[in-house]
Amino acid sequence: PLNFAEVQIDCTYSDYPKISNELPKFGAILDSCDFGAEVSLKFAVKEGIFPDLCKKIAEMTAGRIEPKLIGTRFDCER
């Protein structure tokens with residue numbers, strides 16, 4: 001098992017396709033995707049990758065969206 005960061009991103013419907021297409025490049029394990037007033041994505045990435053993911057999302061959204069670290073867990077790569 002590896003250490004994973006559990007992450008949440010809340011984004012607009014227009015940002016959702018860009019973000020969801022980027023997550024597999026970081027090896028993200030998607031836990032849930034809720035569609036309400038905004039889209040809320042919950043997923044896990046290897047802890048060492050979290051800072052790079054934050055940087056990429058900030059670049060893609062001009063700093064409007066900041067991934068939130070909501071926990072850690074042990075998991076296997078999929």
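As the structure is a prediction and not an experimental result, all values here were calculated from the model.
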Checklist entry - How about Asp10 and Ser40: does a side-chain donor come under 3.5 Å of a side-chain acceptor? => result yes
When you compare the side chain of [Y] with that of [X], does any pair of heavy atoms fall below 4.5 Å?
X: Leu2; Y: Phe74; answer: no
X: Ile49; Y: Lys46; answer: yes
X: Phe43; Y: Leu23; answer: yes
X: Glu22; Y: Met60; answer: yes
X: Ile19; Y: Ile57; answer: yes
X: Glu47; Y: Leu69; answer: no
X: Val7; Y: Ile70; answer: no

Next on the checklist: Considering only residues two or more places apart or on different chains, which pairs with a residue in residues 49-60 satisfy side chain to side chain donor-acceptor pair (under 3.5 Å)?
Outcome noted: none
Checklist entry - Is a donor on one side and an acceptor on the other found under 3.5 Å between the side chain of Asn21 and the backbone of Pro17? => result yes
Checklist entry - Less than 4.0 Å between a side-chain N and a carboxylate O, is that true for Arg64 and Asp15? => result yes
Item to check | side-chain contact (heavy atoms from CB on, under 4.5 Å) between Phe50 and Phe26, intermediate numbers included | outcome: CA-CA 9 Å; Phe50 181 65; Phe26 288 90; over 6 Å; no
Checklist entry - If you look at every heavy atom in Cys33 and Tyr16, which pair is closest and at what distance? => result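 That would be SG-CE1, 3.7 Å.
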Next on the checklist: Between Cys11 and Thr61, is the side-chain contact (heavy atoms from CB on, under 4.5 Å) condition met? List the steps.
Outcome noted: CA-CA 10 Å; Cys11 64; Thr61 63; over 6 Å; no
Checklist entry - At what distance, to the nearest 0.5 angstrom, does CG of Leu30 lie from CG of Leu41? => result 6.5 Å
Checklist entry - Between atom CD of Glu6 and atom CZ of Arg73, what is the distance when rounded to the nearest 0.5 Å? => result 5.0 Å
Checklist entry - Counting heavy atoms not belonging to Glu66, are there more than 12 under 6.0 Å from its CD? => result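 Incorrect, the count does not exceed 12.
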